[in-house]
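First comes the structure, then the notes that go with it.
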Amino acid sequence: MTARAKSSANDSTPLVAPAAKRTAARRIGIHPGAQAGGYGALLQALPYPAALLHRQSDRIDILAENHEFGQFFDEMQGNRHQVERRASRQHDWRERAEAMFQSRRPSDRFEIEFQGQLGTRVYSCSLTWVEGSDGDESLLLLAATDRTSERKAESTLRKELLTDSLTSLPNRIGFVEQIEGLLDELDGDQKKANYAVIALDLVRFSRINESLGAMAGDELIITVARRVKSVLRAGDILARIGGNEFAIFAHVGHGLSEVLQIAERVRKAFESPIRLSSYLISVEVAVGCALAQEADGDAENLLRQAQAAVKRAKRSGALEVYRAHVLREALKRFTLENRLREAIEAGALELAFQPLINLEDGSVKGFEALCRWNDPVLGPVSPTEFIPVAEESGLIVPLGRWALCECTQTMANWDRQHGEQLPITMNVNLSPVQMVRDNVPRAVEEALRYSGIDGKRLTIELTESALISDPDKTRQLLGALQAMDVTVAMDDFGTGFSNLASLQALPIDVLKIDRSFVKDMIGNTDKIALIRAIISLAGALGMKTTAEGIEEKAMAEELRQLGCHYGQGYFFAKPLAPTDAFNYWFKRSQETRI
Ligand code: C2E
Ligand code: MG
Ligand code: MG
């Protein structure tokens, strides 16, 4: 706040009474000749600075004041070096009084702040109307309450809230606030062009913490903070924004090339290992950055973008620069994951059933159960989109269990509806993630038991990646499935990297030839040669074959001639709702030709 004696628009008519008059008033507490009446005694009785103001000939006079007001006034006027703080605090009490006299508002409250002899002083002031002694003039009572110690306590607390206690660096909130403060001072173009947030993530920090203990972890964090700080320039801001995450806000006049220089300096700072008691620890730092251009000058956004980039840097091992789509992607995934969780909990997923056709006689061999999700907000979401999200989030376990139960239950319903067992099998997909995380044999056993379906009528479709990730576990699982008479099919065969030896060693019954081979096979001798090779390989290993993605009659015909046993694809039928699938089977069971 500025407490300088301010002049009205016309400099010759000061808003405040001349100094000589004020001095006289201060000595006795009452302006000579004024109508302060009984208020003089009242003012003296008040324990805080208070004064009566009146306005005469465009000038505001202090009509009466108490002793405390005198001290307050002197202290305020006595210091020429006023601190100007936040705009909301820059209230000059004379201007406020003038405004009150003009507007006749019932009251006003404001805070003033000035640099006193003992530091910053803060007063909370109020202006209220009182009646003059002769009743025909309104006076203003100005009362000021000292809030200095409260504000000091508040500001200490605030500082604590904004600081990381371990390193004394700003924490995430403090960092964002400092950046906002800096960006506020810049105009639009400056804001956009020249700033970057560089996020640093200590790779494997949690492992160090676990093996050496939290004390050593703290020490490491402090040393890291020191090392990073030592390679920064004056004006760069370093903050600790999370357990093992730091961030730098830097002015980068030369854009990305300057960011690269900073990243390089940080990398160099960790070339030599850190000594913690008797251990030498090599610290690896992942670096991601975001330039202000993309964030539109919003500090919180800028930081989030840098964090998205550092997440990628942890995977790639190289410096990553934020690109707008990275965050959009992350957000989309997040929304998808939350909605999928709700859908699973609410039982809102469904299964569609695509027929598997015996290419020799055109009969329905069975169905593949395919998950369907029609979200009320997002609309129908493809499994190629939500299955990866389910796998990443772990939701694939409840989803996979549900699909197992639902498809066996549907087959049991069809049996009941038909009055006898349908001569068909049910295929269901099993994610490799579920293989690792869940007790699959138990889940299969339960699904069979609850539905009363025989293991022989169930086929589990696995992808090649399942075989590669953990061969021992896969062998155990397949053995357990075999023991329950469950058939195992290798889905999307030809797209993965499974080798022939591993296929031979595992109890796999069916190879499903991936759609990518079938798609443009007609007239393509290379594709046909590949398909022939797969079929003969399967034959040699005692496996049956199913071709995926048959969209034309010619494909079905050609595949049959090549010796492929079963086929699946839009030519026969798209995935169908349960009732439609049953009807499809029923109709087809009456005729047996393709
Ligand atoms: P998939 O197991 O290979 O299933 C076959 C996919 O090919 C299905 O896609 C099916 O609709 C599609 N398809 C079948 N015939 C044709 C055709 O003639 N032309 C074309 N263009 N496409 C055809 P969908 O239903 O979108 O499923 C995609 C993938 O999502 C599945 O591939 C499977 O890997 C996965 N998936 C679906 N449901 C489940 C589930 O319940 N659990 C797990 N773990 N994965 C599932
Ligand atoms: Mg499949
Ligand atoms: Mg497939």
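Computed from a predicted structure; not experimentally measured.
Distance check, rounded to the nearest 0.5 Å: CG of Leu477 to CG of Leu462 gives 6.5 Å. For the atom pair CD (Glu271) and CZ (Arg227), the distance works out to 10.5 Å, reported to the nearest 0.5 Å. Atom OH in Tyr322 sits 12.0 Å away from atom SG in Cys289 (nearest 0.5 Å). If you take NZ on Lys456 and CG on Asp485, they are separated by 5.5 Å, rounding to the nearest 0.5 Å. The CG atom of Leu559 sits 6.0 Å away from atom CD1 of Ile535, with the distance rounded to the nearest 0.5 Å. One finds the CZ atom of Phe175 at 13.5 Å from the CD1 atom of Ile173 (value rounded to the nearest 0.5 Å).
Below 30°, between 30° and 60°, or above 60°: for Phe582 and Phe586 the angle between ring planes is below 30°, a parallel geometry.
Considering only heavy atoms from C-beta on, Thr463 stays 4.5 Å or farther from Phe493 through its side chain. Leu351 has its side chain within reach of Cys407: a pair of non-hydrogen atoms, C-beta onward, lies under 4.5 Å apart. Contact annotation: the side chain of Ile460 never approaches that of Val440 to less than 4.5 Å [non-hydrogen atoms, C-beta and beyond]. In this structure the side chain of Ile357 never reaches within 4.5 angstrom of the side chain of Tyr566, judged on heavy atoms. Taking the side chain as every heavy atom from C-beta outward, Phe386 and Glu337 never approach each other to under 4.5 Å. Here the side chains of Arg560 and Glu360 are in contact, with some heavy-atom distance below 4.5 Å. In this structure, the side chains of Ile221 and Arg240 come closer than 4.5 Å at one or more pairs of heavy atoms. Here the side chains of Val486 and Leu448 are in contact, with some heavy-atom distance below 4.5 Å.
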**Q.** side-chain contact (heavy atoms from CB on, under 4.5 Å) between Leu162 and Glu177, worked out
**A.** CA-CA 8 Å; Leu162 301 179; Glu177 213 164 83; 3.4 Å; yes
Q.
Working note: Arg401 + Asp438, criterion side-chain contact (heavy atoms from CB on, under 4.5 Å); need CA distance, chi angles, decisive distance, verdict.
A. CA-CA 9 Å; Arg401 283 191 163 227; Asp438 198 11; 2.8 Å; yes
Q. Can you list the steps and then say if Leu481 with Leu458 is a side-chain contact (heavy atoms from CB on, under 4.5 Å)?
A. CA-CA 10 Å; Leu481 292 177; Leu458 184 68; over 6 Å; no
(Q) Could you walk me through whether Glu180 and Val176 satisfy the side-chain contact (heavy atoms from CB on, under 4.5 Å) test, starting with their C-alpha distance in whole Å, then the side-chain angles of each, then the deciding distance to 0.1 Å, before giving a yes or no? (A) CA-CA 6 Å; Glu180 270 167 2; Val176 169; 3.7 Å; yes
Q: Might you work through the side chain to side chain donor-acceptor pair (under 3.5 Å) test for Thr425 and Lys365, ending with a clear yes or no?
A: CA-CA 7 Å; Thr425 59; Lys365 195 252 169 196; 3.3 Å; yes
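Remark: the Thr167 side chain and the Asp164 side chain contain an N/O donor-acceptor pair separated by less than 3.5 Å.
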With a cut-off of 3.5 Å and sequence neighbours excluded, list every side-chain donor-acceptor pair involving residues 540-552.
residue : atom : partner : partner atom : Å
Thr545  : OG1  : His565  : N            : 3.4
Thr545  : OG1  : His565  : ND1          : 3.3

Could you list the donor-acceptor pairs under 3.5 angstrom formed by side chains in residues 369-377, with sequence neighbours left out?
residue : atom : partner : partner atom : Å
Asp375  : OD1  : Arg339  : NE           : 3.0
Asp375  : OD2  : Arg339  : NE           : 3.0
Asp375  : OD2  : Val377  : N            : 2.8
Asp375  : OD2  : Leu378  : N            : 2.7

For residues 196-208, tabulate all N or O donor-acceptor pairs below 3.5 Å that involve a side-chain atom, not counting sequence neighbours.
residue : atom : partner : partner atom : Å
Asp201  : OD1  : Asn244  : ND2          : 3.3
Arg204  : NH2  : Glu284  : OE1          : 3.1

Please output the side-chain donor-acceptor pairs of residues 507-516 that fall under 3.5 Å, not counting sequence neighbours, one pair per line with the distance.
residue : atom : partner : partner atom : Å
Asp509  : OD2  : Val488  : N            : 2.6
Lys512  : NZ   : Glu368  : OE1          : 2.9
Lys512  : NZ   : Glu461  : OE1          : 3.3
Lys512  : NZ   : Glu461  : OE2          : 2.6
Lys512  : NZ   : Gln568  : OE1          : 2.8
Asp514  : OD2  : Ser516  : N            : 3.0
Asp514  : OD2  : Ser516  : OG           : 2.7

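Side chain of Arg265 to backbone of Val231: a donor-acceptor contact under 3.5 angstrom is found. A distance-only check finds no donor-acceptor pair linking the side chain of Arg449 to the backbone of Gly452 [under 3.5 Å].
Contact between Pro170 and Leu238 at its shortest, heavy atoms only, is CD-O, 3.1 Å. The shortest non-hydrogen separation linking Ala263 to Leu319 is CB-CD1, 4.0 Å. Scanning all heavy atoms of the two residues, the minimum distance from Ala290 to Leu302 falls at CB-O, 3.6 Å. Nearest heavy-atom pair, Gly174 versus Asn171, reported as atom, atom and distance to 0.1 Å: N-OD1, 2.9 Å. Looking at every heavy atom in both residues, Gly288 comes nearest to Val310 through N-CG2, 3.6 Å. Heavy atoms only, all atoms of each residue included: Leu399 and Ala390 are closest at CD1-CB, 4.3 Å.
Scanning for ring pair (Phe, Tyr, Trp, His ring centres under 6.0 Å) contacts around Phe246 gives an empty result, with sequence neighbours left out. Every side chain to side chain contact (heavy atoms under 4.5 Å, CB included) that Ala573 has, sequence neighbours left out, goes to Pro355, Leu576, Tyr584. Among residues two or more places apart in sequence or in another chain, the ring pair (Phe, Tyr, Trp, His ring centres under 6.0 Å) test is passed with Phe353 by Trp414. Residues forming a side-chain hydrogen bond (donor to acceptor under 3.5 Å, both in side chains) with Thr384 (at least two apart in sequence, or on another chain): Ser382. Among residues two or more places apart in sequence or in another chain, the side chain to side chain contact (heavy atoms under 4.5 Å, CB included) test is passed with Arg532 by Ile528, Leu562.
With respect to Glu557 and Lys553, no salt bridge is recorded, no charged nitrogen being found less than 4.0 Å from a carboxylate O. Salt bridge Glu264/Arg267: present, at least one basic N to carboxylate O contact under 4.0 Å.
Under the salt bridge (charged side-chain N to carboxylate O under 4.0 Å, His left out) criterion, the residue pairs touching residues 407-416 are Asp415-Arg457, with sequence neighbours excluded. Sequence neighbours left out, the pairs with a member in residues 387-398 that pass side chain to side chain donor-acceptor pair (under 3.5 Å) are Arg333-Glu392, Glu391-Ser431. Sorted by first and then second residue, the side chain to side chain donor-acceptor pair (under 3.5 Å) pairs involving residues 517-526 (not counting sequence neighbours) are Asp520-Lys527.
Within a 6.0 Å radius of CZ in Arg442, no more than 12 heavy atoms belonging to other residues, nucleotides or ligands are found.
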